[in-house]
Amino acid sequence: MEDLGRPRLYSCFRCRNSLSRHDDIVSKDFQSGNNRAFLFSHAMNIVEGPKEDRNLITGLHTVADVFCSDCGELLGWKYERAYEESQKYKEGKIILEKFKIIKDNW
């Protein structure tokens, strides 16, 4: 029987540190290089690296890599700024690479 009181979480694949709730997924249709990635509205237990401009599939963005706060694993990045108007919805959101996260409490 499912425990309805506990949220479904995604955690770091290396140390199982909780990273985000399933309910915070904005989209599962993202790519990180050759890998699938999820766009989240919120994340926890992450550390942000320095901001840098990066040319991505959808154009130029200012991003900061995000790392697990416990083990230091590189997990994805945070969109700090989108230069294209159609990409502004990504600002403040976090990409977590699918192969770097595991389901917890499912």
Side-chain angles (χ1 to χ4, degrees):
M1 185 170 166
E2 184 178 340
D3 183 355
L4 298 177
R6 295 177 53 202
R8 295 186 299 171
L9 299 173
Y10 287 96
S11 299
C12 175
F13 82 105
R14 179 181 280 176
C15 70
R16 297 194 65 133
N17 188 17
S18 297
L19 299 171
S20 193
R21 296 173 350 142
H22 177 73
D23 293 344
D24 291 331
I25 291 177
V26 175
S27 175
K28 293 182 176 181
D29 293 328
F30 276 75
Q31 287 291 123
S32 171
N34 293 325
N35 303 306
R36 265 184 82 197
F38 296 166
L39 181 68
F40 289 87
S41 59
H42 299 93
M44 57 190 154
N45 300 321
I46 59 170
V47 175
E48 293 181 30
K51 295 176 187 175
E52 65 180 29
D53 286 341
R54 200 176 287 168
N55 259 319
L56 302 172
I57 295 168
T58 54
L60 182 64
H61 296 79
T62 301
V63 299
D65 286 337
V66 296
F67 304 86
C68 176
S69 63
D70 278 359
C71 70
E73 180 71 30
L74 174 62
L75 301 168
W77 65 86
K78 180 177 181 181
Y79 286 101
E80 298 290 345
R81 181 174 179 202
Y83 292 91
E84 300 287 333
E85 193 62 37
S86 65
Q87 302 300 308
K88 293 280 187 191
Y89 74 96
K90 296 177 184 175
E91 291 181 342
K93 294 180 177 63
I94 298 96
I95 286 285
L96 298 177
E97 295 181 284
K98 186 176 182 220
F99 77 100
K100 300 277 183 106
I101 56 177
I102 57 171
K103 295 176 180 179
D104 252 345
N105 196 37
W106 290 61

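Values below: all heavy atoms of this structure, side chains included; hydrogens, waters and symmetry mates excluded. We're numbering straight along the sequence, starting at 1.
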Practice problem: Measure from the side-chain N and O atoms of S20 to the backbone N and O of H42, and report whether any donor-acceptor pair falls under 3.5 Å. | Solution: yes

Quiz item: Counting only N and O atoms by type, is there a donor-acceptor contact under 3.5 Å from the side chain of H61 to the main-chain atoms of G59?
Solution: yes

Can you find a heavy atom in the side chain of [X] that is under 4.5 Å from one in the side chain of [Y]?
X    : Y   : result
D70  : N45 : no
D65  : K78 : no
K103 : R8  : no
I46  : L19 : yes

Separation of [Y] [atom2] from [X] [atom1] (nearest 0.5 Å):
X   : Y    : atom1 : atom2 : value
I25 : F38  : CD1   : CZ    : 5.5 Å
L74 : F67  : CG    : CZ    : 5.0 Å
C71 : R16  : SG    : CZ    : 13.0 Å
K90 : S27  : NZ    : OG    : 9.0 Å
C12 : L75  : SG    : CG    : 5.5 Å
S18 : I101 : OG    : CD1   : 12.0 Å

Exercise. Verify side-chain contact (heavy atoms from CB on, under 4.5 Å) between T62 and E52, making sure each step is shown before the conclusion.
Key: CA-CA 5 Å; T62 301; E52 65 180 29; over 6 Å; no

Quiz prompt | Check against side-chain contact (heavy atoms from CB on, under 4.5 Å), M44 and L9 | solution = CA-CA 11 Å; M44 57 190 154; L9 299 173; 4.0 Å; yes

Self-check item: Contact summary for S11 and D104, nearest pair of heavy atoms
Solution: OG-OD2, 2.6 Å

Quiz item: Is the CZ atom of R54 crowded by more than 12 outside heavy atoms at less than 6.0 Å?
Solution: yes

Quiz item: Which other residues belong to the hydrophobic cluster containing I102, where Ile, Leu, Val, Met, Phe, Trp and Tyr are joined when side-chain heavy atoms lie under 4.5 Å apart, directly or via other members?
Solution: F13

Quiz prompt | Residues clustering with V63 (ILVMFWY side chains joined when closer than 4.5 Å, directly or via others) | solution = V26, F30, L39, L56, W77, Y79, Y89, I95

Quiz prompt | Residue from K100, K98, E97 passing side-chain contact (heavy atoms from CB on, under 4.5 Å) with S32 | solution = E97

Quiz item: Do any pairs count as a salt bridge (Lys or Arg N to Asp or Glu O under 4.0 Å) and have a residue in residues 79-89, sequence neighbours left out, and if so which ones?
Solution: K88-E91

Quiz item: Can a donor-acceptor pair be found between the side chains of Y83 and D53 at a distance below 3.5 Å?
Solution: yes

Quiz item: Have N17 and S69 got a donor and an acceptor in their side chains that come within less than 3.5 Å?
Solution: yes

Quiz item: What class does the angle between the rings of H22 and Y10 fall in, given that below 30° is parallel, 30 to 60° is tilted and above 60° is perpendicular?
Solution: tilted

